[in-house]
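Here the structure is a predicted model, which is why all the values come from computation and not from measurement.
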Amino acid sequence: QSRGWRRTKLGRHHHHNRQHHLGQYSQFLGWRPEQCWQHHYYQQHYLGNAAGFNGGGVFNYGGSLTITNSTISGNRANQGGGVFNSAYSFIPGCCPGTLILNRSLIAGNQAAVGPEIENATTMPLNTVTANNINLFGADGNAGVTGFTRGATDIVPARGVQVADILGPLENNGGPTQTHALVVGSP
């Protein structure tokens, strides 16, 4: 469950370390950082969540979000099954969605648009920076829309399915269940 989240003010950093978000459902969105704020996630696991509309795992709504050493898998939504990045619009301004991905695995999510990540292009200010050895998608398809993955990011070859990348959710040592990488995983 999402425990320990607290609000921060614009311009301040908010760090989340080693937390797990399993099997949650929201009619409108998955877990959503507070808009116009800056968040850093390190060793997070967003697994098996669902949203009725956008961002099954994470919905970055006008915030600056950095995800590092994290796994986002098994989530579903209409758009951005794993992650949805969008601006927060209000009068008289707008906070663009800024998403930075570092050494994270985002695969096995479901959505009609952007099954792994959707960067909403309705607001040209939204940005995704992904060029730090991330793994996106499976079977030769990155599953991302609205941005170009980086040269060091990995998309598994055709024929490599999610089961060839991640093991089942189980006790792999530690306080919570996780997905371990399988032998030969890209």
Side-chain angles (χ1 to χ4, degrees), residues 20-25 29-32 41-61 65-87 96-170 172 177-186:
H20 304 269
H21 311 276
L22 308 172
Q24 299 176 39
Y25 178 83
L29 45 95
W31 191 83
R32 174 177 63 96
Y41 298 149
Y42 180 78
Q43 294 183 344
Q44 298 290 302
H45 301 273
Y46 293 89
L47 312 167
N49 299 291
F53 298 102
N54 302 327
V58 177
F59 183 177
N60 184 32
Y61 190 45
L65 175 61
T66 301
I67 299 174
T68 302
N69 295 343
S70 298
T71 301
I72 300 174
S73 183
N75 303 291
R76 59 183 163 40
N78 289 340
Q79 297 177 290
V83 180
F84 187 82
N85 187 51
S86 176
T98 302
L99 177 63
I100 300 169
L101 301 165
N102 299 307
R103 299 174 308 280
S104 292
L105 188 151
I106 304 172
N109 299 288
Q110 300 174 7
V113 178
E116 308 305 346
I117 303 171
E118 180 177 359
N119 182 42
T121 56
T122 54
M123 296 295 279
L125 301 174
N126 296 332
T127 60
V128 175
T129 302
N131 189 20
N132 195 0
I133 314 171
N134 299 290
L135 185 143
F136 300 126
D139 197 24
N141 183 358
V144 302
T145 61
F147 73 99
T148 303
R149 64 181 179 82
T152 64
D153 294 327
I154 300 165
V155 176
R158 286 204 179 279
V160 177
Q161 303 300 319
V162 174
D164 301 320
I165 301 167
L166 289 174
L169 185 64
E170 61 188 7
N172 292 297
Q177 293 184 332
T178 58
H179 289 281
L181 294 176
V182 298
V183 175
S185 175

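Residues A111 and G80 share a closest heavy-atom pair of CB-N, 3.8 Å. Between N126 and A120, the shortest heavy-atom distance links the atoms ND2-O, 2.8 Å. Closest non-hydrogen pair, N85 versus T98, comes out as OD1-N, 3.7 Å. For the residue pair I165 and P186, the shortest heavy atom distance occurs at CG1-CD, 4.0 Å. Taking all atoms of both residues into account, the shortest heavy-atom contact from R103 to N134 is N-OD1, 3.1 Å. When all heavy atoms of A87 and P96 are compared, the closest pair comes out as CB-CA, 3.9 Å.
Every pair passing ring pair (Phe, Tyr, Trp, His ring centres under 6.0 Å) that includes a residue from residues 66-86 is listed here, sequence neighbours excluded: F59-F84. Counting only residues at least two apart or in different chains, side chain to side chain donor-acceptor pair (under 3.5 Å) contacts with residues 140-151 are absent.
The backbone N or O of G146 lies less than 3.5 Å from a partner atom in the side chain of N119, making a donor-acceptor pair. Between the side chain of S70 and the backbone N or O of T68, at least one donor-acceptor pair lies under 3.5 Å. The backbone N or O of N102 sits less than 3.5 Å from a side-chain atom of S104, completing a donor-acceptor pair. For the pair T152 (side chain) and I133 (backbone), a donor-acceptor distance under 3.5 Å is present. Under a 3.5 Å cut-off, the side chain of Q79 and the backbone N or O of G114 do not form any donor-acceptor pair. Counting only distance, with no hydrogens or angles, the side chain of N109 and the backbone of R76 share no donor-acceptor pair below 3.5 Å. Between the side chain of N172 and the backbone N or O of T178, at least one donor-acceptor pair lies under 3.5 Å.
To the nearest 0.5 Å, the span separating CD1 on I154 from OG on S185 amounts to 8.5 Å. Here the straight-line distance linking atom CD of Q110 with atom CG of N78 works out to 11.5 Å at 0.5 Å rounding. Here the straight-line distance linking atom CG of D153 with atom CG of N132 works out to 7.5 Å at 0.5 Å rounding. Put simply, OG1 on T127 and CD1 on I100 are 7.0 Å apart, with the number rounded to the nearest 0.5 Å. If you take NE2 on H179 and OG1 on T71, they are separated by 7.5 Å, rounding to the nearest 0.5 Å. Considering CD of E118 and CG of N54, their distance stands at 7.0 Å, rounded to 0.5 Å.
In this structure the side chain of L166 reaches within 4.5 angstrom of the side chain of L181, judged on heavy atoms. Side-chain contact between P156 and L135 is present, with heavy atoms from C-beta onward closer than 4.5 Å. Two residues are said to be in side-chain contact when any heavy atoms from C-beta on lie closer than 4.5 Å; I67 and L99 meet this criterion.
Evaluated for a side-chain contact (heavy atoms from CB on, under 4.5 Å) with I117, the options V83, N60, I72, V58 yield exactly one hit, V83.
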